[in-house]
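Working notes for the structure below.
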Amino acid sequence: MDTSRPRYLHMFLVFVKIGLFTIGGGPAMIPLIRDEFVEKQKWIRDEDITNVLALSQSLPGVIAVNASTFLGYRLGGT
């Protein structure tokens, strides 16, 4: 896991890329979110994405929005 915090613009562009190239809604975004955040950017560990998805599914609302909000808060803070 990268110890430096990503810049807000960089995180925004990653989320825009995921949103633009995903057809099928929230569940279709999960593999892309994992690939981008774990494999490419190395912002979180593979074990952490499982916790993010479990928490996102337990909350009301769209899973992709909940996961994006949680990841943005965890990486960028308030």
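Values in this document were obtained by computation on a predicted structure and should not be read as measured data.
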### Task
Write out all pairs satisfying ring pair (Phe, Tyr, Trp, His ring centres under 6.0 Å) with one or both partners inside residues 47-66, taking only residues at least two apart or from two chains.
none

### Task
Scan residues 56-69 for pairs that pass salt bridge (charged side-chain N to carboxylate O under 4.0 Å, His left out), counting only residues two or more places apart or in two chains.
none

### Message
Show every salt bridge (charged side-chain N to carboxylate O under 4.0 Å, His left out) that has at least one partner inside residues 58-73, sequence neighbours left out.
### Response
none

### Query
Taking the hydrophobic residues Ile, Leu, Val, Met, Phe, Trp and Tyr, and joining any pair whose side-chain heavy atoms are under 4.5 Å apart, which ones share a cluster with L13?
L9, F12, V16, L20, F21

### Task
Could you list the residues that satisfy side-chain contact (heavy atoms from CB on, under 4.5 Å) with L32, not counting sequence neighbours?
I18, T22

### Summary
In short, R74 meets D48 closest at the heavy-atom pair NH2-OD2, 3.5 Å

### Task
Write down the atom of A64, the atom of G26, and the distance for their closest heavy-atom approach.
CB-CA, 3.6 Å

## Note on the structure
Heavy atoms of Y8 and G76 approach each other most closely as OH-O, 2.8 Å

### Contacts of I30 that satisfy side-chain contact (heavy atoms from CB on, under 4.5 Å) - sequence neighbours left out
L53, I63

### Query
Members other than V62 in its cluster, when Ile, Leu, Val, Met, Phe, Trp, Tyr link by side-chain heavy atoms under 4.5 Å?
V65

### Task
With sequence neighbours excluded, give me every side-chain hydrogen bond (donor to acceptor under 3.5 Å, both in side chains) pair touching residues 23-37.
K17-E36, R34-E39, R34-D46, E36-Q41

### Message
Parallel, tilted or perpendicular, judged at 30° and 60°: which one describes the rings of F15 and F37?
### Response
tilted

